[in-house]
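Heads up, the thing below is written out as structure tokens.
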Number of protein chains: 2
Amino acid sequence: MGNQVVNLASVQSVCQQCGIYSLCLPMGLQRGDIDALDGIIKRRRPLKKGEHLYTSGEEFTSIYAIRSGSMKSYIINEEGEEHVIGFKMPGDLVGLNGINGHKYKNSAKALETCSVCEIPFDQLEALGHEIPGLSHHLIEIMSKEIQDEHHKVAMCSKMPAEARLASMVHTLSLRFEERGFSPNEFNLSMSRNDIANMLGLAVETVSRLFSHFQELGILEVERKHIRILDQEKLSNLIRMD
Amino acid sequence: MGNQVVNLASVQSVCQQCGIYSLCLPMGLQRGDIDALDGIIKRRRPLKKGEHLYTSGEEFTSIYAIRSGSMKSYIINEEGEEHVIGFKMPGDLVGLNGINGHKYKNSAKALETCSVCEIPFDQLEALGHEIPGLSHHLIEIMSKEIQDEHHKVAMCSKMPAEARLASMVHTLSLRFEERGFSPNEFNLSMSRNDIANMLGLAVETVSRLFSHFQELGILEVERKHIRILDQEKLSNLIRMD
DNA sequence: CGCCCTCTTGAATTAAGTCAAATAATGTGG
DNA sequence: CCACATTATTTGACTTAATTCAAGAGGGCG
């Protein structure tokens, strides 16, 4: 409880201490600007597996950056069926589609214990008027998300099952690598059901394909643990029919 | 060539004269702000059917608002196959996915004679610093596009062929209505091939489905001309397996 | 320890694709 | 403006990839 001597120059914003800030919203900002951004970010208690960060239809107030853990983003259609849109990893922003219409249009659920940074959107916009690079960067991130979704549409609507799963594993591998993890060995945080759902396949098909990839010597699959034995063959599956 | 008496108060910006400005980027802006936006917009010569507005990989400089006509947006994959992403109508913005990385990531091709408004992106951003509502509105439009793409992913990956085509026709109907046209009768500007490609189906399947919808008394299809005879049955097809 | 839920594997079924061919539109050059 | 070439669309028959149904195995949690 006593006073301590603190070297003020060494005080870094939480963002700058964060291992993935270079992939996240602060990317490319000046140090002072990162501190300003840091000032509006709320840290929330971690989410436990299965908890929702927000659900579809809720009033939109904030976007969220994932700090650790992973989430799934999904929508529920008129018949009450769940449609998985994607999986989110540290550094990813979620909730961007709620800006339009001031309501979240999807739900975000923790696949494992997660910590997230809440960024109140009105404050972010206000800050954007002072830090031009910030609003530009937000727009870039949204532009990238549009690109990624285009890619997903093209993938899911036309590729055969084998290529879809290969593509998903390959994309995950790249994303793990970007975040400093091994691209060749990782754990899936989502169930087979979630994978099948996102790819528009039956669970049984996904299960069979994992077995098949293993027979081909491309993957080693042990429940949630994936090891990629042959990245080149994996890539070839994406291209071929 | 002689001087003319002009009533300055009656001079309206081109945007304000445009029939669909209320759906487009100027939406919700004050009159003076619309004029400012108008000032940076370049009108280009109309595109003829088959001409490209931009192609994938080209340097990104501008986003475009479609003024009249319609376009298709597509990407080419590694094998050189075309994947149609979507169809764009008056009031729609195209090129948004080029912001990230300063290159267009898709190509936009006129399906019929089109006129477009070119909006140089750096000028738009500069203007956004003066008109806060403008950059907010751009962000909203992008948020909506992310939403729409999520919807497309869910649709294309999981719905049966019948529901996909029904959904596409229904969405077109809504979009025509928004633009002041009949929701029940319109002309398709795209080929059966483009439709099939976007929906991830074979051309033959699309053709058969149109015939089938006609037998069911839901549509009247005469080449490119579509008349919706029963919107309710059409909507039901989207929901049902 | 046992129940439940997830995952895997096999067999039968089906939705949609491919192949093939006819017909209808569109465009082109003379 | 016509004849021919080319391309787009439709329809039918067959094939196949992926689903559904069914059943069993494996883990994890209370």
- B/R208 or B/D194, whichever maps to the more 5' nucleotide of DNA chain D: B/D194
- Let me know the distance between CD1 of A/I226 and C1' of C/dC7, rounded to the nearest Å. 13 Å
- Task: Please determine if a side-chain N or O atom of A/S211 lies less than 4.0 Å away from the OP1 or OP2 oxygen of C/dT9.
- Result: yes
- Look at all strands and tell whether A/T205 reaches a base, only sugar-phosphate, or nothing, counting heavy atoms closer than 4.0 Å. base
- Query: Within the structure shown, what part of the strands sits under 4.0 Å from B/R223 by heavy-atom distance: base, sugar-phosphate, or nothing?
  - Reply: sugar-phosphate
- Task: Could you check whether A/S207 gets within reach of a base, just the sugar-phosphate, or nothing at all, counting any heavy atom under 4.0 Å?
- Result: base
- Task: Using distance alone, with no hydrogens and no angle criterion, decide if B/E220 and B/H225 have a side-chain donor and acceptor under 3.5 Å apart.
- Result: no
- Whole-Å gap separating P (C/dA16) and CZ (B/F210): 15 Å
- Message: Measure CG/B/L201 against C1'/C/dA15 and give the value in whole Å, please.
- Response: 11 Å
- When we call it a touch if two heavy atoms are under 4.0 Å apart, what does A/K158 touch: a base, just sugar-phosphate, or nothing? nothing
- Query: What pair of heavy atoms forms the shortest contact from A/L93 to A/K88, and how long is it?
  - Reply: O-NZ, 4.1 Å
- Message: I need the CD-P distance between A/E204 and C/dT13, as an integer number of Å.
- Response: 16 Å
- Message: Without decimals, in angstroms, what is the distance between A/E222 CD and C/dT8 C1'?
- Response: 13 Å
- Message: I'd like to know whether CZ of B/F181 has more than 12 heavy-atom contacts from other residues, nucleotides or ligands below 6.0 angstrom.
- Response: no
- Do A/S73 and A/N106 have a side chain donor and acceptor closer than 3.5 Å? yes
- Message: Could you check whether A/T55 and A/S107, counting side-chain N and O atoms only, form a donor-acceptor pair closer than 3.5 Å?
- Response: no
- Item | Point-to-point distance, once rounded to the nearest 0.5 Å, from CD of A/E178 to CD1 of A/I20 | 11.0 Å
- Query: Atom CE of B/M159 and atom C1' of C/dA15: how far apart are they, to the nearest Å?
  - Reply: 15 Å
- Euclidean distance, atom NE2 of residue B/H212 to atom P of C/dA15 [Å, nearest integer]: 12 Å
- Message: Test: ring-ring contact (aromatic ring centres under 6.0 Å, His included). Region: residues 82-121 of chain B. Which pairs qualify, not counting sequence neighbours?
- Response: B/Y54-B/Y104, B/F60-B/Y104, B/F60-B/F121
- Note on the structure: Taken to the nearest whole Å, CG/B/L199 to P/C/dG17 is 10 Å
- Item | Leading and trailing nucleotides of DNA chain D with any atom under 4.0 Å from heavy atoms of chain B | D/dT9 to D/dA13
